[in-house]
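Below is one structure, written out as structure tokens; the observations come after it.
What you see is a predicted model, and the numbers here were worked out from it, not measured in a lab. Below, all heavy atoms of this structure are taken into account, side chains as well, without hydrogens, waters or symmetry copies.
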Amino acid sequence: MKTLALFLLTALAEIAGCYLPWLWLRKQGSPWLLLPATASLALFAWLLTLHPTASGRVYAAYGGVYVCMALLWLWLVDSVRPTRWDLLGGGLCLLGMAVIMFAPRSH
């Protein structure tokens, strides 16, 4: 559960850090949005270092969680309800993440 919570927080930091510049560029938002965006992306990078396994494995598994968080963002922020295909794809990504992160390993 701790690993999944850390992945969720990491994804939220990345999505927020990318969404704020998008608001500035696409929706004529304030350039001041770039300050919290920068902080959010720095938080994202730092959070990735807290995962307890090899960086390549973390990055690979993180992708699955990111996809699901992006779909949740689509629904909650963009007000677009994910389709069943979105949900199926997200579920497959989470399954892949679980295989990568939680498979037994010999040391």
Side-chain angles (χ1 to χ4, degrees):
M1 273 327 258
K2 181 181 175 185
T3 299
L4 184 57
L6 190 54
F7 272 134
L8 292 174
L9 188 58
T10 304
L12 184 59
E14 182 181 11
I15 291 170
C18 294
Y19 181 70
L20 293 171
W22 182 87
L23 283 177
W24 170 55
L25 293 168
R26 297 284 305 259
K27 300 290 184 181
Q28 287 73 48
S30 169
W32 288 104
L33 291 170
L34 298 177
L35 291 176
T38 301
S40 188
L41 289 173
L43 176 64
F44 155 71
W46 177 71
L47 287 168
L48 280 175
T49 70
L50 300 180
H51 292 271
T53 191
S55 62
R57 185 170 292 128
V58 168
Y59 301 153
Y62 166 71
V65 175
Y66 179 86
V67 167
C68 292
M69 285 296 289
L71 291 172
L72 186 62
W73 188 276
L74 173 73
W75 188 16
L76 298 177
V77 176
D78 293 331
S79 300
V80 176
R81 187 178 176 130
T83 67
R84 65 180 159 176
W85 299 108
D86 295 329
L87 298 175
L88 176 62
L92 290 171
C93 288
L94 279 183
L95 180 61
M97 181 278 294
V99 169
I100 291 168
M101 284 305 292
F102 305 118
R105 306 210 193 293
S106 60
H107 297 290

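The same ILVMFWY cluster, assembled from side-chain heavy atoms under 4.5 Å apart, contains both F44 and L12. One hydrophobic cluster, built from ILVMFWY side chains closer than 4.5 Å, holds both Y66 and L94. Connection of I15 to L71 is not established within any shared hydrophobic cluster, with ILVMFWY side chains joined at heavy-atom distances below 4.5 Å, either directly or through further cluster members. Cluster annotation: L43 is not connected to M69 through the hydrophobic network of ILVMFWY side chains, with a link wherever side-chain heavy atoms come within less than 4.5 Å. If you chain together hydrophobic residues whose side chains sit under 4.5 Å apart, V67 and Y59 never meet in one group.
Heavy-atom contacts from other residues, nucleotides or ligands closer than 6.0 Å to CH2 of W22 number more than 12. Annotation for W73: atom CH2 counts as buried by contact number, over 12 foreign heavy atoms lying within 6.0 Å.
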side-chain contact (heavy atoms from CB on, under 4.5 Å) evaluation trace for L48 with S55: CA-CA 8 Å; L48 280 175; S55 62; over 6 Å; no
Kindly determine whether T10 and Y62 satisfy side-chain contact (heavy atoms from CB on, under 4.5 Å), including the steps that lead there. CA-CA 8 Å; T10 304; Y62 166 71; 3.6 Å; yes
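Expressed to the nearest 0.5 Å, how far CD of E14 lies from CG of L41 amounts to 7.0 Å. Once rounded to the nearest 0.5 Å, the distance linking CG of L87 with SG of C68 reads 9.0 Å. Separating the CG atom in L50 from the NZ atom in K2 is a distance of 8.5 Å, to the nearest 0.5 Å. Interatomic distance, L25 CG to L34 CG, rounded to the nearest 0.5 Å: 7.5 Å.
Side-chain atoms of S40 never come within 3.5 Å of backbone atoms of A16 as a donor-acceptor pair (strictly under, hydrogens ignored).
Pairing each heavy atom of A103 with each of V99, the nearest pair is CB-O, 3.1 Å. Nearest heavy atoms, A61 versus M101: CB-CG, 3.2 Å. Closest of all the heavy-atom pairs between A13 and L47 is CB-CD1, 4.3 Å.
Contact annotation: the side chain of W24 approaches that of P31 to within less than 4.5 Å [non-hydrogen atoms, C-beta and beyond].
Aromatic ring centres of H51 and F7 lie closer together than 6.0 Å.
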